[in-house]
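Here's the structure, in structure tokens; my notes come after.
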Amino acid sequence: MTSGAVITNGQRADAGAAPAAPAPITMAKALNLGLRAAMAADPKVLVMGEDVGTLGGVFRVTDGLQQEFGEPRVIDTPLAESAIVGTAIGLAMRGYRPVCEIQFDGFVYPAFDQIVSQLAKLHYRSAGRIRLPVTIRIPFGGGIGAVEHHSESPEAYFCHTAGLKVVACSNPADAHLMIQQAIRSDDPVIFLEPKRRYWEKAVVDPRPLTELPAADTTELHRSMVARAGTDATLVGYGPTVRTCLDAAEVSAADDSRSLEVIDLRSLSPLDLTPVLDSVRRTGRLVVVHEAPSNVSLSAEVAARVTEEAFYSLEAPVLRVTGYDTPYPPARLEDHYLPDVDRILDAVDRSFGF
Amino acid sequence: MLSVTEVMQLLTPAGQRITVASQAMSPGPSPAGEPCPPSANAAAAGELTVADIDLPAQIADLTDDDLVGLYRDMVLVRRLDEEATSLQRQGELGLWASLRGQEAAQVGSGRALGAQDMAFPSYREHGVAWCRGIDPMAILAIFRGNSLGGWDPAEHGFALYSIVVGAQTLHATGYAMGMARDGSPGAAIVYFGDGASSEGDVNEAFGWASVFRTPLVFFCQNNQWAISEPASRQSRTEIFHRASGFGFPSLRVDGNDVLACLAVTRWALATARAGGGPVLVEAVTYRMGAHTTADDPTRYRAPGELDAWRRRDPIDRMRAHLGAAGLLDEDRERRLAIEADACAHDLRTRCRSMPDPEPASLFDHVQVTDTGLVSVQRSAFTAAPGDGGDGPYVQGDLDRRSGLVTGETRVSGQAW
């Protein structure tokens, strides 16, 4: 395996030489520590968004940052998503590294032109003269019983756009590492945070990026094996990595199947090396995400695995996704979201070929 | 309900220099309403009138050569614009967006800018580009299809053209915020039109720039037409009135008066640089040509309208003024015409001899750090026969050729 550390149950196995073993922290706190480290490391890093300052963000991800770094660097903005991204572009042209927060996935669409037509294209349009190191943090996905527009999975729109990089963290350690790497990237990064995993805890090496051993071994755009296995491969990202790990646990106990779980981490560019390696060993692949299936990440993974590992496949690539409906009312979301049963049904189908 | 202040002027359409502030004229063919009293404090939010700004004082330093220079700028820019239109008609450009009629608004405001300032254009600001030292060929290259934006914004203080109307107002707002943070002595100016004033981005920029008091001049060239839609389809109020609702000052200037455009932009930039926050300038002008070479304005404009605006032509006006002042004689006019023709000839020669970009350059600068996908596609593309890639793109085939797929073997004997 070429892609660095193995993580198990969301916890980096080789997180290694942390000086003192701290208590487990939530993903929200891990992101907060990562943001704090990035701001301390570079005075050009700004945090901007709705309610990110005094309140500390509706999920408290930016809690305390304004007190620590001051109002000029942690900006409560008007409620204007297009302007949040559009002015971040201008600030980046001026040499700043803005970190924008879009409060919820469903609120990103007013900023769509600025992201897709401006942020993604200005480097190309300028023949490389303009660099836009802008990070756009978006809490995404469902599972928290929210009202409409607060549970969506918009990643495919951004993955489809050349010029953007798109990543999704799935666990506290990655959240802490990846947010710092995203901010340091000279390209714009859409940073997706699985909001229903904000409160899941793990031990995180709290050191800043420059001192993190994981930073050397794990690039931002690498996918990783989250659980090693031999019989079939599950691929997820963001919120569904945990669901896949749970499915693997159940499958091992109930069916004596050894399922390998791969966390994509980077959605654009896709790093399919561990997936192809895995499929060449297992011959079976199930891709899992909350977003609808039509023209989705799973479609891309299926197409490329079919192209590149066709003779290794024992069964068609199968997908477990949200349905091709609008996100339903929260009382129905348990039916909409991929769960362990649906994943294991797909695994069974895969073995039926 | 609608209150319209006078339009700021320093030259009458006949070219007569206005030296007394209260001599401002009505804007002419554009809709005009009733005058409203001047605001008491120029720095406060509200509409500014000639009583608030000593316009003549803003350009009191101009020498005779400076005045002739403004005229020369306008003549050369119009000549280059005409040449570009011809080149489009002859198939050398895919499209051209003519600035004809807007030379005074662009040269006046463009010459108000200093090296420390940053301009954010829309896509018709060829006159501002000229003032910022952009090679006109770089602009033609965009319309020829050779590039998407061929200059260094930082070097020229002139951002890239922005085709999605209004989007650049937010970039300018953010950039101006950065200037203020950096303690820059400069200000930003952003150009947009009457059509763009309806865009959400422009209105978000108004609110944002006002709240953060960014050093930014919103320069709206109201050229009366957004392709086929008149300015009255964009707004029930004069565009410059909108600033007061956002809490920052605004004014309206005769956009065909190069001296007034220079004066008000100097004033607005100085206000912005001094920490006074944004200013909205509405320059009332007219798009004398089509929206672009793909447009036919006879389908939507009344026949007499262009004639009315021809009598307010920005170049004729300045020529009349300079002639009356004894600054422009036949000899100087003839030499200027020769210079304009030479510039046009040079542009034509360079345009026609401009080679197409290298095919593989389409993969350049997608990102600072290329993704694997772009690298792989570039490799396959450059390896393709003929180097132009006339075969269909096939991902799997491409991956094999690029060596991405190696050692692929069946792990079992069972195929499906």
Side-chain angles (χ1 to χ4, degrees), chain A residues 72 75 77-78 80-83 85-96 98 110 113-114 117-118 121-131 133 162-165 185-188 221 268-271 276 280-283 303-304 306-316 353, chain B residues 118 120 147-155 159-164 167-179 181-182 184 188 200-201 203-205 207-208 211-212 214 361 364-374 395-396 399 404-405 407-412 414-416:
Chain A
I75 306 165
T77 68
E81 286 79 9
S82 188
V85 177
T87 58
I89 290 169
L91 283 160
M93 287 175 70
R94 187 74 200 172
Y96 288 87
D113 173 68
Q114 287 292 342
S117 297
Q118 310 299 331
K121 294 194 171 87
L122 266 160
H123 185 69
Y124 192 69
R125 189 180 301 151
S126 68
R129 293 183 181 97
I130 294 174
R131 292 183 174 194
L164 295 177
K165 290 178 172 168
S185 170
D186 284 330
D187 287 308
H221 300 292
S268 182
L270 272 176
D271 170 27
L276 293 168
R280 287 185 182 120
R281 285 184 280 106
T282 66
R304 282 164 64 175
T306 305
E307 286 163 358
E308 295 170 25
F310 182 74
Y311 292 112
S312 300
L313 287 167
E314 300 288 350
F353 279 92
Chain B
M118 183 74 187
F120 288 79
S147 87
L148 302 176
W151 55 86
D152 183 351
E155 180 191 343
L160 299 180
Y161 272 11
S162 182
I163 291 175
V164 178
Q168 75 279 11
T169 57
L170 289 171
H171 308 163
T173 303
Y175 193 91
M177 282 178 90
M179 292 174 109
R181 282 159 181 270
D182 297 341
S184 162
D201 277 1
N203 289 272
E204 290 190 19
W208 191 293
V211 165
F212 291 105
T214 60
S361 70
D364 293 345
H365 308 298
V366 176
Q367 289 173 325
V368 178
T369 309
D370 259 355
T371 67
L373 204 54
V374 173
Q395 176 81 45
D399 291 332
L404 194 86
V405 178
E408 174 61 15
T409 52
R410 295 186 197 197
V411 292
S412 80
Q414 190 181 354
W416 56 275

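Side chains are part of it too, since the values below use all heavy atoms of this structure and drop only hydrogens, waters and symmetry mates. Sequence lines set the chain letters: A, B, ... in the order given, protein chains first and strands last, and positions in each chain run from 1.
- Contact annotation for B:Ala167: both backbone and side-chain heavy atoms come within less than 4.5 Å of a heavy atom of chain A.
- Both the backbone and the side chain of A:Leu91 come within less than 4.5 Å of a heavy atom in chain B.
- Qualifying ring-ring contact (aromatic ring centres under 6.0 Å, His included) partners for A:Tyr96, counting only residues two or more places apart in sequence or in other chains: none.
- Neither the backbone nor the side chain of A:Lys121 comes within contact range of chain B; no heavy atom of the residue lies under 4.5 Å from a heavy atom of that chain.
- Within the 3.5 Å criterion, the main-chain N or O of B:Thr369 finds a donor-acceptor partner in the side chain of A:Asp187.
- In this structure the side chain of A:Ser82 reaches within 4.5 angstrom of the side chain of B:Leu170, judged on heavy atoms.
- Contact record, B:Pro153 with A:Arg129: CD-CD, 4.4 Å, taken as the closest heavy-atom pair.
- Chosen from B:Val368, B:Thr173, B:Thr169, B:Leu148, the residue pairing most often with chain A at heavy-atom distances under 4.5 Å is B:Val368.
- For chain B, the nearby part of A:Leu164 is the backbone; its heavy atoms alone come within less than 4.5 Å.
- Heavy-atom distances place both the backbone and the side chain of A:Asp186 under 4.5 Å from chain B.
- Here the closest non-hydrogen pair linking B:Glu204 and A:Ala83 is OE1-N, 2.7 Å.
- Between B:Thr371 and A:His221, every side-chain heavy-atom pair lies at or beyond the 4.5 Å cut-off.
- With chain B as the partner, the residue from A:His123, A:Met93, A:Arg131 showing the most heavy-atom pairs under 4.5 Å is A:His123.
- Note on B:Val211, B:Asp182, B:Asp364, B:Asn203: by heavy-atom pairs under 4.5 Å with chain A, the leading option is B:Asp182.
- Side-chain contact between A:Pro72 and B:Arg181 is present, with at least one heavy-atom pair separated by less than 4.5 Å.
- For the atom pair OG (A:Ser268) and CG (B:Leu373), the distance works out to 8.0 Å, reported to the nearest 0.5 Å.
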Pair A:Gln114-B:Asp201, side chain to side chain contact (heavy atoms under 4.5 Å, CB included): steps then yes or no
CA-CA 9 Å; A:Gln114 287 292 342; B:Asp201 277 1; 2.9 Å; yes

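- Taking both residues in full, the closest heavy atoms of A:Pro269 and B:Gly372 are given as CB-N, 4.4 Å, listed atom of the first, atom of the second, then distance.
- Between B:His171 and A:Leu122 the shortest side-chain heavy-atom distance falls below 4.5 Å.
- Proximity to chain B (any heavy atom under 4.5 Å) is shown, for A:Leu270, by neither the backbone nor the side chain.
- Interface remark: A:Ala88 contributes no atoms to any contact with chain B (heavy atom separation under 4.5 Å).
- For A:Arg125, the parts lying near chain B are the backbone and the side chain together; criterion is any non-hydrogen pair under 4.5 Å.
- Shown here are the ring-ring contact (aromatic ring centres under 6.0 Å, His included) partners of B:Trp208, two or more places apart in sequence or in another chain: B:Phe212.
- Between chain B and the options A:Ser117, A:Gly163, A:Gly95, the largest number of non-hydrogen pairs under 4.5 Å is found for A:Gly163.
- With a 4.5 Å cut-off on side-chain heavy atoms, B:Leu160 and A:Ser126 count as touching.
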